[in-house]
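Each remark here refers to the structure printed beneath this line.
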Amino acid sequence: MKNELVIEKLTQIADLLEIIGESVYKIRAYRKAVDSLQQTAEDIEVIVQEERVKELPGIGDAISEKIKEIVVNGNTIYLDKLTQKVPVQVTSLMKIEGIGGKTAGKLYKELGIKSITDLEEAIESGLLAELPGFTEKKIAKITRALTFVKSERRPLFKVIPIALNLKTFLEGIDQIQSVEIGGSIRRRKSTIRDIDLHAIGKEEDFELIMDIFSQMDSVEVIVVKGPLKTTVKLTNGINVDLRILKEQSSGSGLIHSTGSRNHTVKLRTIADRNNLLLNEYGLFDEEGKTLIASTTEEEVYKAIGMSFIPPDIREDRGEIELAQKNSLPDLISLDDIKADFHVHTNWSDGKSTIDEIAFTATERNYEYLIITDHFGKNPIYNPMNEEKIAKQRKTIEQINQSSSVEILQGVECDILKDGSLSIPNKLLRDLDFVIASVHSIFNMSEEEMTMRIITAMDNEFVNGIGHPTGRQLDRRDGYSINFSKIIEKCIETKTFLEINANPNRLDVDDNVVFDFKNKIDFYIGTDSHNHQQLKNIGYGLNIARRAWCEKKNILNTLTSKELLKKLA
DNA sequence: GCCGTTTTCGGCCCGACTGTTTTCAGTCG
């Protein structure tokens, strides 16, 4: 898929326009187009072929033509023309905190600085200090920023404990009444760039609170510091924003802190259209004098004419328009989940017995559970074989006689290089649920990998594709596959895609589920290797909720009878 | 450059912090 290429080129255009000093609205339009593409799991080539590019929000005549050009030629003449004025390399300067388009443009125009290395040399040689406006203080700020490693996205599960620690620390400060975690953590994105905290206190204490916050042991450097908003970089490299507001602004402030940016921008636009002013302090009349709503989020949403929007879906993907019509989707919740579809036991590489897993499933109020131990040749998985499958079946039958949770016997087999499976068909016939996954040989082209998975789906016994992209959030990107083609095959062969709830996988991504949930069915599997990991189902639910899934979109909400009927 | 519950033309969210050009531009979220 060429989606990444298109995103890269449009971002370069936006950056260059900023450096050149073009209209901020034109720049914004390109950035919006990039946002839109990033929220799409569909193959941009397919979208181009089917002439649906302009259906993407924020993409009109001009940008759609450039997208077509990039898809066909790998580049667009418009970008070439821009790079004649400013080399594309100059955009790398904008990756430094505190340097935007204007500064980058000045550095290039006045001193010919094109790269971070050039900039370091110009500081070293004293050349930069000769440039008007670049005082000692400003250069010191840039120098400091150069030592920052720009914070990278990290898996949600790794950031949550850090955020909770900060929350606990701040709640321990007498002058703070309450603390909420906002931002992308509250929206439950799979990966997180920085931590947004929102505290409530009394105005006279704001400065003291910020002093305490910015002097925490875990702070590496203070990025910005004011009485209302402070940003610090922790020693572990994560940026933390703290916003303090008075109690009166709790709701409007939390909406602001939670975002997403595009969501809040749309809310403010709607308020403005109704001659109201919305900011983090509240919803006001046009002059900003009379306060209309601010204490709770519900109150603010209601006052601008819509129902409450759950944080998980605040991405400006149409949720605001539905909230205005009071017709938001009834998002799936934990109570709807009747089973886990992907669980390993000590029959293969899991650590828990089937009994232990069954007991934990009972505690979770599940009705049933699908055991899917590995079958294959790789000894690392302590894989099942024909004999073990038969024995395990007997064990399951015994447990089912006394357990309140019904156990189904499934399997997770390998999709081999040629798309065949690591288990003979004669064994698949008697299993309740067959997951096929890629576990080896990742370095294939997108076409080859797509074909490999499609071939596996042609096997009539395969029910689901496990962790479809193979991504591990803290280790490797997934292999590229063409989702448009995979989905077509899913429809043809009635195969389901997995939402792998292992918090380091979260595979497939919520964009995939969002785009295709009405075409195929998805199931959530924790891929648990011990009974404690059954609780990871919550991470899978995050994906489903962010993708606007209702009960009907997720197979785990079916009873075992309904599921087996569907499989038959 | 995009878009339409006043508009196919004229708008485009709002505010905090920084450093400096002492009234504001640049950057960021």
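The sequence lines fix the lettering, A, B, ..., with proteins before strands; numbering per chain opens at 1.
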Those residues of residues 213-244 of chain A lying under 4.0 Å from DNA chain B by at least one heavy atom: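 Contacts with DNA chain B under 4.0 Å: Val224(A), Lys225(A), Gly226(A), Pro227(A), Leu228(A), Lys229(A), Asp241(A), Arg243(A).
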Is any side-chain N or O of [X] closer than 4.0 Å to OP1 or OP2 of [N]?
X         : N       : result
Tyr25(A)  : dC13(B) : no
Thr103(A) : dT27(B) : yes
Lys138(A) : dG26(B) : no

Atom-pair distance (CG on Asp272(A); C1' on dG15(B)), nearest Å: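 That distance rounds to 15 Å.
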Touch class at under 4.0 angstrom, heavy-atom based, for Leu276(A) against every strand present: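 The residue Leu276(A) makes no contact with any strand.
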Sugar-phosphate, base or nothing in reach of Ile27(A), heavy atoms under 4.0 Å: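 Here Ile27(A) touches no strand at all.
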Minimum-distance nucleotide to Glu280(A) side chain [options: dG15(B), dG29(B), dC12(B)]: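 Looking only at side-chain atoms, Glu280(A) lies closest to dG15(B).
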5' precedence on DNA chain B between Ala62(A) and Lys137(A) (nearest-nucleotide basis):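 With Ala62(A) and Lys137(A) compared, the 5'-side residue is Ala62(A).
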Worked verdict on Arg243(A) versus Asp196(A) for salt bridge (Lys or Arg N to Asp or Glu O under 4.0 Å): CA-CA 8 Å; Arg243(A) 195 79 173 73; Asp196(A) 292 289; over 6 Å; no
Contacts of type salt bridge (Lys or Arg N to Asp or Glu O under 4.0 Å), residue Lys246(A), not counting sequence neighbours: Glu203(A)
Grab the N/O contacts between the protein and nucleotides 3-5 of chain B below 3.5 Å, and write none if there aren't any.
residue	atom	partner	partner atom	Å
dC3(B)	OP1	Gly58(A)	N	2.9

Short side-chain donor-acceptor distance under 3.5 Å, Glu319(A) and His263(A): yes
